[in-house]
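Just below is one structure, and these are the notes that go with it.
Numbered from 1 within each chain, the chains take letters A, B, ... in sequence-line order.
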Amino acid sequence: MRAGAQQWAYPDDVPKPELPNAAIAEALEELGDLYELDGAIVHRVVAYRTAARTVREAPVSVAALARAGRATELPGIGATLQEKIVALLDSGTIPATQKLRAKFPPGLIAIMRLPGLGPKRARQLHDELGIDSPEALRQAAQAQRLRTVRGLGPKLEQSVLAALEAGAAERLAPRVLLPKALQLGEALSAALADSDGAATQVLLAGSARRQADSVKDLDLIATTSRPAALLKALEELDQIESVSSTGEAGARARTHAGVRVELRIAKRGAVGNMLQHFTGSGRHNAALREAAVRRGLHVSEYGVSEEGAATRTCATEAELYELLGLAYIEPELREDRGELDAARLDGGPALPRLLTLEQIRGDLHCHTIASDGHNTIEEMATAARERGYEYIAFTDHSASHGFGNEVSPAQLRRQIELVREADARVEGIRLLAGSEVNILPDGRLDYDDELLAQLDWVIASMHTAFGMGEAAMTRRMISAIEHPLVDAIGHPTGRLIQRRAPYAIDLDAVFAAAAATRTMLEINGNPDRRDLTDVHARAAARAGVTVVIDSDAHRVATLQNMRWGVATARRAWLSAREVANTRSWPQLRKLGKKKGAG
DNA sequence: GCCGTTTTCGGCCCGACTGTTTTCAGTCG
């Protein structure tokens, strides 16, 4: 029997969203690009890009918000953009976009993205040489016609041809997932530090330090008494393919895998300034400096200056933030998502005390050889105990997983017995019988309630039929949320970082249903997923949802994926209070859904 | 185009590097 499936439907007074946020964001992005080609002032262009990011990250349907005339509630969206979004919803396009598309061929945007070129030069190439596509650009460069444009020369012709050869016009620069980025960054840091003994220190900054989902390049900050030797050591590292633009300040390099590495040398007394600057994000820094200017202070990577006064440097980031009237801001929060207001020492909402890995007391999503895992119950249990956990739930896939290794109802009954037996044998950790149950396209689960009721812990997840459309998908998910025997929803949006977009779903409605039924939503720690995302997890917690962080381990080694889930939770501003598995198992139980029979 | 414990108008971070210049524009992070 399915419970509650009929209870939910879109209320009549809530307009159904027509365009997903991503599509609106893309339209704003394009219009920003076109305005840039058209020579608009940079602030206007920036305004479009800021708005695009806000829309993309919004946890609610921006289409619905704009329909209600309330898009201006989002930061960076004013009356003009509210109007343009409505025009986009009504007619499928924005009039200004149509006008500018007629003026600039689409190939110019690709040209503008090539390294060394930008909007001004793309426009010049179009106006003076009639170049309208990367292919036309290639021909002109080969014919040495680019140098006929004032300000351009043979060097640029060469770099343009090289960039086109590398396919830079077609594909975006590769991004590296966080675990790999940290591994590489830490290896490079250690090797550089070793190269010159104790006198050299190397710190990892950038988006890797902020624990972002993926990173574009690695930023390393070094202090050394022998800069020349350090730069030579960089050149000689095994991982490094080439080094370019070496100077007093540092060097830029590339690894064999194509990852850019930026090495900067800081004065010892100013490491705090340099580390803060290169940790970013760019938006955090820009907002930080704008706020500083209002206080009469000018901030750069070298220090803080005041008109008519000497530049002040900081040995630590904490000193720097304090100098600006702010509490220390953890790197994970530096995304210009309200952290500067929250950090103000003269009032303002306080920063959260962020969750730490040590506060996690159990793991409620892992697999064993019963389905597609690689270790036994006992092996996983022992490894979990070594991590200091008090409990672990075994949640193998259910009867219709669809990728082989399904667990039939009879097999699940046997698995429950095995977990009970192992629980009696293994000391020092509580073993819980669970399942990761499939949510079928119609919202039902693929085990009977009678069987589910025998489990200690039930996660429901979607693994099939991702393309069914937002309204149906939302209904499907909420059916599972309202099921009285479902404790949590696994990887709620289905995204795979860099590989698969989240499925269309109304998360606002999902969060409301989860909060109302006390169904937990997961932050899945698999580094390919990290799902919920930082932005969504924050919105969920604000909507009153209890979050659970899991490893989704398929072997002993990947129990450590909990680390990436915690990183996402920290980026979501979460503290221990908002995360279920910072509690003991009995306490966690009280937090969740009141289960009926069982 | 947005936004306001100086403002509803006039601001909107900071610096390095490159290639082309003879003093700097454009691009990038």
Q.
Roughly how many Å apart are B/dT27 and B/dT20, using the P atom of each and rounding to a whole number?
A. 13 Å
Protein-nucleotides 23-27 of chain B N/O pairs under 3.5 Å:
{"residue": "B/dT27", "atom": "OP1", "partner": "A/G118", "partner atom": "N", "Å": "2.6"}
{"residue": "B/dT27", "atom": "OP1", "partner": "A/G118", "partner atom": "O", "Å": "3.2"}
{"residue": "B/dT27", "atom": "OP1", "partner": "A/R121", "partner atom": "N", "Å": "3.1"}

Between the protein and nucleotides 5-12 of chain B, are there any N/O to N/O pairs under 3.5 Å, and if so, what are the atom names and distances?
{"residue": "B/dC12", "atom": "N4", "partner": "A/H43", "partner atom": "ND1", "Å": "3.4"}

Q: Give A/V299 one of three labels, base, sugar-phosphate or nothing, depending on what nucleic acid heavy atoms sit under 4.0 Å from its own.
A: sugar-phosphate
Q) Can you check the A/D219 CG to B/dA16 C1' distance for me, whole Å? A) 14 Å
Q: Counting heavy atoms from C-beta on, name the nucleotide in B/dG1, B/dG29, B/dG15 closest to the side chain of A/A47.
A: B/dG1
(Q) Before you tell me yes or no, could you show the steps for A/D219 and A/R209 under salt bridge (charged side-chain N to carboxylate O under 4.0 Å, His left out), namely the whole-Å CA-CA distance, both residues' side-chain angles and the distance that decides it to 0.1 Å? (A) CA-CA 9 Å; A/D219 297 284; A/R209 183 168 176 238; over 6 Å; no
Q: Write down the distance between CG (A/L263) and C1' (B/dC17), rounded to a whole number of angstrom.
A: 16 Å
Q. Out of B/dT20, B/dG1, B/dC13, which has the shortest distance to the side chain of A/A286?
A. B/dC13
(Q) Using OP1 and OP2 only, check whether a side-chain N or O of A/K216 sits under 4.0 Å from B/dG29. (A) no
Q: Start with the C-alpha gap between A/D33 and A/R113, add the side-chain angles, then the distance that decides, and say whether salt bridge (charged side-chain N to carboxylate O under 4.0 Å, His left out) holds.
A: CA-CA 10 Å; A/D33 287 343; A/R113 296 256 162 74; 2.5 Å; yes
Q | B/dG11 and B/dT6, which share atom name C1', separated by this distance in whole Å | A | 12 Å
(Q) Taking the basic N atoms (NZ, or NE/NH1/NH2) and the acidic carboxylate oxygens, is any pair closer than 4.0 Å for A/R571 and A/D534? (A) yes
Q. Does NZ or CZ of A/R44 come closer than 6.0 Å to the centre of the six-membered ring of A/Y35, within 45° of the ring's axis?
A. yes
Q) Tell me: CG of A/L81 to C1' of B/dC2, nearest whole Å? A) 9 Å
Q.
Counting only side-chain heavy atoms from C-beta out, which of B/dC2, B/dT20, B/dC14 sits nearest to A/H298?
A. B/dC14
Q) Is there a salt bridge (charged side-chain N to carboxylate O under 4.0 Å, His left out) between A/E339 and A/R344 once you walk through the steps? A) CA-CA 9 Å; A/E339 71 277 10; A/R344 280 170 54 173; over 6 Å; no
**Q.** Separation of the C1' atoms in B/dG29 and B/dC13, to the nearest angstrom
**A.** 13 Å
Q: Could you give the distance separating B/dC3 and B/dT8 at their C1' atoms, to the nearest angstrom?
A: 9 Å
**Q.** Rounded distance in Å between the P positions of B/dT21 and B/dA16
**A.** 24 Å
Q: Starting from the 5' end of DNA chain B, give me the residue, A/R147 or A/I77, whose nearest nucleotide shows up first.
A: A/I77
Q | Pair A/R210 + A/E332, salt bridge at N-O below 4.0 Å | A | no
**Q.** Residues from residues 324-332 of chain A lying under 4.0 Å of DNA chain B - heavy atoms
**A.** none
(Q) Using Watson-Crick or G-U wobble geometry with both distances under 3.5 Å, which nucleotide pairs with B/dC3? (A) B/dG10
Q. Are A/R495 and A/D531 ion-paired here, with the side-chain N under 4.0 Å from a carboxylate O?
A. no
Q.
Output the rounded distance in Å from CE (A/M274) to P (B/dG15).
A. 12 Å
Q. Under 6.0 Å from the six-membered ring centre of A/W573 and within 45° of its axis: does the NZ or CZ of A/R538 meet both?
A. yes
Q: Using a strict 4.0 Å threshold on nitrogen-to-oxygen distance, state whether A/R337 and A/E57 make a salt bridge.
A: yes
Q: Could you tell me whether A/E330 and A/R353 make a salt bridge, using a distance below 4.0 angstrom between a side-chain N and a carboxylate O?
A: no
Q: Would you classify A/G282 as touching base, sugar-phosphate or nothing, given that sugar-phosphate means primed atoms plus P, OP1 and OP2, and contacts are heavy atoms under 4.0 Å?
A: nothing
**Q.** Nearest-angstrom distance from the residue atom CG of A/L31 to P of B/dC2
**A.** 11 Å
(Q) Between the side chains of A/E235 and A/K232, is the shortest nitrogen-to-carboxylate-oxygen separation below 4.0 Å, so that they form an ion pair? (A) no
Q) For the pair made of CZ in A/R264 and P in B/dC14, what is the distance, rounded to whole Å? A) 16 Å
**Q.** Pair A/E36 + A/K120, salt bridge at N-O below 4.0 Å
**A.** no
Q. Taking atom C1' of B/dG1 as reference, at what distance in whole Å does atom OH of A/Y48 sit?
A. 7 Å
Q.
Looking at B/dG29, I'd like to know if its phosphate oxygens (OP1 or OP2) sit under 4.0 Å from a side-chain N or O belonging to A/R260.
A. yes
Q) CG/A/L188 to CG/A/L234 distance, rounded to the nearest 0.5 angstrom? A) 8.0 Å
Q) Is any side-chain N of the basic residue among A/K99 and A/D38 closer than 4.0 Å to the acidic one's carboxylate O? A) no
Q: Mind calculating the distance between CG (A/L74) and C1' (B/dC3) to the nearest angstrom?
A: 15 Å
Q | Nearest-neighbour nucleotide for the A/S300 side chain, B/dG29, B/dG19, B/dC14 considered | A | B/dC14
Q | A/E262 or A/R289, whichever maps to the more 5' nucleotide of DNA chain B | A | A/R289
Q) If you look at every strand shown and take non-hydrogen atoms under 4.0 Å, does A/F278 touch a base, only sugar-phosphate, or nothing? A) nothing
